[in-house]
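Here's the structure we're looking at; comments come further down.
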Amino acid sequence: MPSHLLNSLGEDFDAWLAERGYPRYRAPQIRRWLLQSRCAGFDEMSDLPQKLRAELSDSFSIWSADVMAHHQSRDGTEKLVLQVADGGTIECVLLRDGARRTICISSQVGCAMGCVFCASGIAGVDRSLSRGEILEQILRLQRLLPTEERLSHIVVMGMGEPLANLPHLLWALEWARASDGLAISARRITISTVGLPDAIRRLAEQPHPYELAISLHAATDELRNQLVRVNQQTGLTAILQAADDYYQASRRRLTFEYVLLAGINDQPIHAQTLARRLVHRNALLNVIPFNRVADLPYQTPTDEAVDRFCQIVAQAGINVQVRRRKGDDIHAACGQLRRLVQQAGPQQLTPALLESPS
Ligand code: SAH
């Protein structure tokens, strides 16, 4: 069984080539094919000796997942549902916005954090993704772009809790960041977390600090314990302290995310409490009106409720923005398409099904 090359792109691969007597320059040459030239098969690596290409295909496969579904939205958003080797499914998205080409990738199959409004966590966590499976999403999405276009931004906001799979994630992101990789600046790579204080501190030790987004959704432990179950173990004070430490270490403006659920966390009192907690921080508040998830009882607030919430926090001096929804017609948000595929099976995933309101 060939092993997944994207899992062992670094020193392991250098050693594999050295054992077979190949010169040192072969490893970076092959990495360039994979990471920069968007190559999908060893036979395309035209400047490698035939023998090496044959040895590579005997020992390695470039991809380990199967594309179960590929959807293109009217607004240019594209979404891939991938089936990983042991059968689980994950999803990843390419978003087009002006000159930006942003991808959103997953870090785990399922999620264990217990956010009650999120489709990704409904069935709990299956497992963390391997290093190669994370890198594979980046490379598969990069291949959707025409050759003259480059990926400009990465957000780790797909399925799973990235800080619960930190070593694998950092390894994959390093290839995205490195100049001999995809050369995407760390300033353009955002990791979104439910807020795990110890892992946030570990992330702060990275030599190239990434942008950090923390999903708050509530400004009191009483409410957050209900909406984000893992908060019962962490608590808001420790999360905000870790966020402040991250800011001290990285000097990167923090982002806080807040999913607005009608009647639950969108009232003026919630906005006031949130503003009091965030004021005096160099932070951006990203307000995300809830995206409907079938079978979950939560509702999207009205535009008026969203405006009122934002006005209150803005008046208190907080930078706030409402995150625009993209790819609605292909269920690009947060585990929604994966659920449809699981429920209906890929062959039944018709345009009509995709366009029905979730
Ligand atoms: N585990 C990470 C990444 C999750 S997804 C985290 O918690 O940040 C990225 C964002 O989408 C999170 O803020 C998450 O709370 C939010 N989200 C999840 N389900 C949503 C839904 N149905 N509608 C709107 N936002 C949602």
Side-chain angles (χ1 to χ4, degrees), residues 79 90-93 95 102-125 128-129 134 137 153-166 169 173 189-197 199-200 203 210-218 223-224 226-231 233-234 236 239 242-243 246 254-262 264-266 274 283-301 306 309 321-328 331-340 357-358:
K79 174 153 182 160
I90 55 166
E91 47 192 28
C92 53
V93 182
L95 300 124
T102 303
I103 59 169
C104 174
I105 57 171
S106 295
S107 53
Q108 298 184 303
V109 184
C111 185
M113 297 300 116
C115 301
V116 294
F117 51 83
C118 177
S120 298
I122 287 176
V125 69
S128 284
L129 293 176
I134 298 174
Q137 297 171 68
H153 294 75
I154 299 180
V155 296
V156 190
M157 292 187 183
M159 184 177 295
E161 168 48 44
L163 297 197
N165 189 16
L166 193 55
L169 177 71
L173 289 182
I189 299 178
T190 302
I191 299 176
S192 175
T193 175
V194 73
L196 303 179
I200 291 175
L203 191 61
Y210 295 109
E211 298 292 319
L212 185 65
I214 298 184
S215 297
L216 278 187
H217 315 316
L223 183 56
R224 199 167 190 269
Q226 290 169 31
L227 298 181
V228 180
R229 301 263 191 243
V230 69
N231 193 66
Q233 278 115 63
T234 49
L236 269 172
I239 294 172
Y246 192 84
L254 297 166
T255 299
F256 291 100
E257 294 166 283
Y258 194 103
V259 172
L260 273 188
L261 307 164
I264 294 182
N265 66 354
D266 67 339
L274 179 66
L284 171 70
L285 178 69
N286 230 326
V287 167
I288 317 167
F290 172 64
N291 263 311
R292 284 288 302 280
V293 177
D295 304 333
L296 292 185
Y298 305 100
Q299 305 295 327
T300 310
V306 176
F309 190 92
Q321 73 178 20
V322 179
R323 192 190 293 163
R324 272 183 298 137
R325 294 160 58 141
K326 286 203 149 263
D328 264 7
H331 297 257
C334 323
Q336 292 178 29
L337 183 59
R338 170 189 185 248
R339 276 195 85 214
L340 273 184
S358 54

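It should be emphasised that the depicted structure is a prediction, and the values quoted were computed from it without experimental measurement. As the structure lists them, so they are numbered: ligands from 1, and atoms in each ligand from 1.
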query = Any N or O on S215 sitting closer than 3.5 Å to an N or O of ligand 1?
reply =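 Min N/O separation from ligand 1 is below 3.5 Å for S215.
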inquiry  = Evaluate M157 for polar contact with ligand 1, using N/O atom pairs at a separation under 3.5 Å.
reply    =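 N/O-N/O distance below 3.5 Å does not exist for this pair.
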Would you mind running through ligand 1 and noting each atom that sits below 4.0 Å from a heavy atom of [X]?
| X | answer |
| --- | --- |
| C118 | 18 (C), 19 (N) |
| E257 | 10 (C), 13 (O) |
| V293 | 22 (N) |
| G160 | 1 (N), 2 (C), 3 (C) |
| H217 | 13 (O), 15 (O) |
| G158 | 4 (C), 5 (S) |

Return yes when [X] approaches ligand 1 closer than 4.0 angstrom through a heavy atom, no otherwise.
| X | answer |
| --- | --- |
| C111 | no |
| M113 | no |
| R292 | no |

Does any N or O in the side chain of [X] come within less than 3.5 Å of the main-chain N or O of [Y], such that one atom is a donor and the other an acceptor?
| X | Y | value |
| --- | --- | --- |
| N265 | A218 | no |
| E91 | K79 | no |
| T255 | L284 | no |

Quick one: [atom1] on [X] to [atom2] on [Y], what's the gap to the nearest 0.5 Å?
| X | Y | atom1 | atom2 | answer |
| --- | --- | --- | --- | --- |
| I288 | F117 | CD1 | CZ | 8.0 Å |
| I191 | I200 | CD1 | CD1 | 10.5 Å |
| M159 | Q108 | CE | CD | 10.0 Å |

inquiry  = When you compare the side chains of T193 and E161, does any donor N or O come within less than 3.5 Å of an acceptor on the partner?
reply    = yes
query = Should L285 and L274 be marked as a side-chain contact (heavy atoms from CB on, under 4.5 Å) after you check the CA-CA gap, both sets of side-chain angles, and the distance that decides it?
reply = CA-CA 10 Å; L285 178 69; L274 179 66; 3.7 Å; yes
note = Only residue of I90, L129, L173, V156 satisfying side chain to side chain contact (heavy atoms under 4.5 Å, CB included) with I134 is L129
query = Backbone, side chain, both or neither: what part of V194 comes under 4.0 angstrom of ligand 1, heavy atoms only?
reply = both
query = For ligand 1, is any non-hydrogen atom under 4.0 Å from T193's backbone (N, CA, C, O), its side chain (CB onward), both, or neither?
reply = backbone
request  = Out of L227, V259, N286, indicate the one that has the non-hydrogen atom closest to atom 25 (N) of ligand 1.
outcome  =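 Considering heavy atoms of L227, V259, N286, the nearest to atom 25 (N) of ligand 1 sits in V259.
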